[in-house]
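None of these values were measured; they are calculated from a predicted model. One-based numbering, in listed order, for ligands and for the atoms of each.
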Amino acid sequence: MSKKGLLIVLSGPSGSGKGTVLRELLKEEENIFLSVSATTRSPRPGEENGVHYFFLSREEFEAEIANDGMLEHACYCENYYGTPKKPVFDRCDNGQDVILEIEVQGAMQVLEKQKEAVSIFIMPPSLTELRERLIGRQTEDMETVERRLATALEEMKYAKQYDYIVVNDSIQEAVKDIKAILQAEKLKSGRMEEFLQTVAE
Ligand code: 5GP
């Protein structure tokens, strides 16, 4: 029997560089599966259905909630976002580590239900840097940028409720920090029970 994979919850405000850090981490760690979320927001240029998100109508999304198909869901900037439950549990059961890249309301739901989850909050090094990153992205108008900045400030209040905080000053350092966290989590005595039994026999 293989060990269960880690369920990793990764959050951070938009502009924290969470997406870039995650992409780099996934390049280096092949055994990590990134959960594909569902959302009711429209696809951005280059985004593909089933790859970046499952793009659903409000009705479809609400039907998934009613069918208990979502591990968590939240309303963020007037759209629904949620994690389809089955692929996450299937992968973890097969020994694969799974990352949920989700906002704070959804993360709190997962941490409440899945006590074994490992939670990591990515922080920008400063507010000035955060604002510059949001403006530099240029996929959204200024009104959206301001709204996301206000949301970011609210989200950062939740950082303390995560197991770990990684400051994304440098992408390489942030990736190194996350790899160290995952490595340590795998060596926790509670996760080594199977090994301990084989040695004690
Ligand atoms: P974006 O629209 O920029 O892709 O994502 C907006 C926010 O929604 C991000 O903070 C992202 O982490 C979050 N998000 C993406 N997928 C999910 C999900 O499945 N559940 C929750 N709760 N948040 C999500």
Side-chain angles (χ1 to χ4, degrees), residues 7-23 25-26 32-58 60-65 67-92 98-114 117-124 130-131 133-159 161-162 164-166 168 174 178:
L7 175 59
I8 306 146
V9 175
L10 187 79
S11 302
S14 116
S16 61
K18 173 185 55 170
T20 317
V21 169
L22 189 54
R23 270 196 303 279
L25 175 74
L26 294 174
I32 299 182
F33 170 74
L34 175 63
S35 158
V36 180
S37 296
T39 184
T40 56
R41 84 150 161 75
S42 313
R44 297 197 185 112
E47 284 185 335
E48 278 179 56
N49 189 32
V51 177
H52 300 90
Y53 280 104
F54 294 104
F55 294 100
L56 305 183
S57 66
R58 269 194 111 73
E60 288 169 328
F61 199 104
E62 283 168 359
E64 273 304 310
I65 300 171
N67 289 334
D68 196 27
M70 295 289 184
L71 174 57
E72 57 74 33
H73 70 275
C75 213
Y76 180 89
C77 292
E78 290 151 29
N79 282 299
Y80 276 132
Y81 291 82
T83 304
K85 192 188 275 183
K86 190 173 182 310
V88 171
F89 289 151
D90 285 352
R91 300 269 180 167
C92 278
V98 176
I99 291 202
L100 314 183
E101 193 253 276
I102 61 180
E103 55 68 65
V104 293
Q105 303 166 61
M108 293 303 118
Q109 293 169 36
V110 178
L111 300 187
E112 184 59 36
K113 288 188 249 182
Q114 310 300 133
V118 180
S119 55
I120 304 173
F121 194 91
I122 309 235
M123 287 282 282
L130 176 69
R131 197 163 197 283
R133 286 181 190 173
L134 283 177
I135 294 168
R137 186 184 275 185
Q138 286 175 345
T139 52
E140 277 128 342
D141 55 35
M142 276 317 281
E143 196 188 313
T144 309
V145 169
E146 289 303 332
R147 206 172 50 190
R148 286 194 176 235
L149 192 59
T151 308
L153 290 174
E154 280 306 305
E155 286 191 299
M156 287 194 281
K157 292 182 186 160
Y158 286 81
Q161 300 194 45
Y162 287 68
Y164 300 94
I165 294 178
V166 169
N168 180 20
I178 296 176

Charged tip of Arg58 within 45° of Tyr80 ring normal and under 6.0 Å
yes
List the closest protein heavy-atom neighbour of atom 15 (C) of ligand 1: residue, atom name, distance to the nearest 0.1 Å.
Tyr53 OH, 3.2 Å
Ligand 1 atoms in contact with Ser37 (distance to a heavy atom under 4.0 Å):
16 (N), 17 (C), 18 (C), 19 (O)
Which ligand 1 atoms does Arg41 reach within 4.0 Å, using its non-hydrogen atoms?
1 (P), 2 (O), 4 (O)
For Ala74, the ligand 1 atoms whose distance to one of its heavy atoms is below 4.0 Å:
22 (N)
Any nitrogen or oxygen of Glu72 lying under 3.5 Å from a nitrogen or oxygen in ligand 1? Just yes or no.
yes
When rounded to the nearest 0.5 angstrom, what distance separates CG in Leu25 from CD1 in Ile8?
7.5 Å
Between ligand 1 and Arg44, is the shortest N or O to N or O distance under 3.5 Å?
yes
Within the structure, is a non-hydrogen atom of Arg148 found at a distance of less than 4.0 Å from ligand 1?
yes
If I apply the N/O under 3.5 Å rule, does Ala38 come out as touching ligand 1?
no
Would you please determine whether His52 falls within less than 4.0 Å of ligand 1 on a heavy-atom basis?
no
Which value, rounded to the nearest 0.5 Å, describes the distance between Ser119 atom OG and Gln114 atom CD?
12.5 Å
May I ask you to check whether over 12 heavy atoms, not counting those of Lys86, lie within 6.0 Å of atom NZ?
no
Within 4.0 Å of some non-hydrogen atom of Gly106, the atoms of ligand 1 are 22 (N)
Does Glu155 reach ligand 1 with a nitrogen or oxygen that is under 3.5 Å from one of the ligand's nitrogen or oxygen atoms?
no
For atom 9 (C) of ligand 1, what's the nearest protein heavy-atom neighbour? Residue, atom name and distance, please.
Lys18 NZ, 3.7 Å
Val166 vs Val21, test: side-chain contact (heavy atoms from CB on, under 4.5 Å). Steps then yes/no.
CA-CA 10 Å; Val166 169; Val21 169; over 6 Å; no
How far is atom 22 (N) of ligand 1 from its nearest protein heavy atom, and which residue and atom name does that atom have?
Glu103 OE2, 2.6 Å
Between His73 and Phe61, is a side-chain contact (heavy atoms from CB on, under 4.5 Å) present by the stated rule, with each step listed?
CA-CA 10 Å; His73 70 275; Phe61 199 104; 3.9 Å; yes
Flag for Tyr158-Ser11: side-chain donor and acceptor within less than 3.5 Å
no
Should Ser14 be listed as contacting ligand 1, given a heavy-atom distance under 4.0 Å as the test?
no
For Glu103, check side chain to side chain donor-acceptor pair (under 3.5 Å) against everything at least two apart and list the hits.
Gln105
Give the atom numbers and elements of ligand 1 that come within less than 4.0 Å of a heavy atom of Tyr76.
6 (C), 7 (C)
Pairing residues for Tyr76 by the side chain to side chain donor-acceptor pair (under 3.5 Å) criterion, not counting sequence neighbours:
none
Rounded to the nearest 0.5 Å, what separates atom CD1 in Ile165 from atom CD1 in Ile120?
11.5 Å
Which of the listed options, Ile102, Asn79, Thr83, Thr151, holds the heavy atom that is closest to atom 21 (C) of ligand 1?
Ile102
for atom 12 (O) of ligand 1, nearest protein heavy atom and its distance come out as Glu101 OE2, 2.6 Å
